[in-house]
Amino acid sequence: MAQVRPMRADARRNYERLLTVAAEAFAEHGEGASLDDIAKRAGVGSGTLYRHFPTRQALLEAAYLDRVEAIAARADALAAELPPGEALVAWLYELGAGLIRMRGLKALLGPAVTESGSAMATACGDSVKAAAGRLVRAAQEEGTLRADVEPADVLRLAHGVATASELADGEGRHIRRYLTLLMEGLGARRRRHGRPDAGRRTPPG
């Protein structure tokens, strides 16, 4: 089996710059984005672009996956900076804002990212689910999130918040407010002596 050679530092910089510029260009121009213009804006030749990304589809997929993985990676950065409950809320805000920013890329990719079981959908889903799982478990251990909440619950609700916020004003300016309301509902209730409640009612006895 052939080994994949690691990129040189300059090649890695070109690759990352192309992904950043491509995501911006596709968001701005949609299908009309010119690959030659993307290469020019990234400061590389067209040949460099095509060596990394032989087709438009390959560039689209790489740009989308790069954005998703960057959001997933923010989970650990926020967890190192903030208490668990605050880290979860901050990450969900970044996730929701990112979903709105990436809607153009997602529309261009179509079934490649929306069809259940596709390689892209699986890769994107795995990284985000893993990040959510770590933050959810930490918040539950801290006692700021109900014990019966699953990572999948939080992700579905965050997606709904992003959609609702975008529908409200077209730009998602209400994400923070809606997330605050959501997380207040998912927060662990406290018992009289400050111990976290699991989120289930104690039956009358």
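The figures here come from the full heavy-atom set of this structure, side chains too, leaving out hydrogens, waters and symmetry mates.
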Would you be so kind as to tabulate the donor-acceptor pairs closer than 3.5 Å made by side chains of residues 149-158, with sequence neighbours excluded?
| residue | atom | partner | partner atom | Å |
| --- | --- | --- | --- | --- |
| D153 | OD2 | E150 | N | 2.9 |

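- With hydrogens and angles disregarded, a donor-acceptor distance shorter than 3.5 Å links the side chain of E142 to the backbone of G85.
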Requested in this report: For side chain to side chain contact (heavy atoms under 4.5 Å, CB included), just list the numbers for V89 and L92, CA-CA rounded to whole Å, side-chain angles, deciding distance to a tenth of an Å, and then say yes or no.
Outcome: CA-CA 5 Å; V89 174; L92 289 175; 5.8 Å; no

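- In this structure, the side chain to side chain contact (heavy atoms under 4.5 Å, CB included) partners of A62, at least two apart in sequence or on a different chain, are Y15, L19, F53.
- For residues 119-135, the set of pairs meeting the side chain to side chain donor-acceptor pair (under 3.5 Å) definition, not counting sequence neighbours, comprises D76-R134.
- When every heavy atom of A162 is checked against every heavy atom of I100, the shortest pair comes out as O-CD1, 3.7 Å.
- Crowding of E31 atom CD: a count of heavy atoms from other residues, nucleotides or ligands under 6.0 Å not exceeding 12.
- A pairwise comparison of heavy atoms in A87 and L78 identifies CB-O, 3.7 Å as the closest pair.
- The CG atom of N14 lies 6.5 Å from the CG atom of L18; values are rounded to the nearest 0.5 Å.
- Among residues two or more places apart in sequence or in another chain, the side-chain hydrogen bond (donor to acceptor under 3.5 Å, both in side chains) test is passed with E86 by none.
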Donor-acceptor pairs are to be reported for all side-chain atoms of residues 34-50 against protein atoms at under 3.5 Å, with residues two or more places apart or in another chain.
| residue | atom | partner | partner atom | Å |
| --- | --- | --- | --- | --- |
| S34 | OG | D36 | N | 3.3 |
| S34 | OG | D37 | N | 3.2 |
| D36 | OD1 | S46 | OG | 3.0 |
| T48 | OG1 | R51 | NH2 | 3.1 |

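- In terms of heavy-atom proximity, H52 sits nearest to P54 at O-CD, 3.7 Å.
- Of all heavy-atom pairs spanning A131 and A72, the tightest one is CB-O, 3.6 Å.
- For the atom pair CG (L108) and CZ (F26), the distance works out to 7.0 Å, reported to the nearest 0.5 Å.
- Taking CZ from R103 and CG from L105, the interatomic distance works out to 11.0 Å, rounded to the nearest 0.5 Å.
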**Report entry** From CA spacing to verdict: side chain to side chain contact (heavy atoms under 4.5 Å, CB included), Y178, M183
**Finding:** CA-CA 9 Å; Y178 293 167; M183 297 310 294; over 6 Å; no

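- Remark: R177 engages L181 in a side chain to side chain contact (heavy atoms under 4.5 Å, CB included) (not counting sequence neighbours).
- When atom types are taken as modelled, the side chain of T180 and the backbone of R176 share a donor-acceptor pair closer than 3.5 angstrom.
- Legend: side chain to side chain donor-acceptor pair (under 3.5 Å) pairs involving residues 57-72, not counting sequence neighbours, sorted by first then second residue: Q57-E61.
- To the nearest 0.5 Å, atoms CG (L145) and CD (Q140) are separated by 5.0 Å.
- D10 places a side-chain heavy atom less than 4.5 Å from the side chain of R13.
- Applying the side chain to side chain contact (heavy atoms under 4.5 Å, CB included) criterion to A97, with sequence neighbours excluded, gives R101, I175.
- The backbone N or O of A79 lies less than 3.5 Å from no partner atom in the side chain of W91, so there is not a single donor-acceptor pair.
- Remark: R74 pairs with E94 by the side-chain hydrogen bond (donor to acceptor under 3.5 Å, both in side chains) rule, at least two apart or across chains.
- In plain terms, the two heavy atoms of G98 and I71 that are nearest each other are CA-CD1, 3.9 Å.
- Of the possible donor and acceptor atoms, one in the side chain of T20 sits under 3.5 Å from a partner among the backbone N and O of E16.
- Judged as a side chain to side chain contact (heavy atoms under 4.5 Å, CB included), and not counting sequence neighbours, the contacts of H29 are A33.
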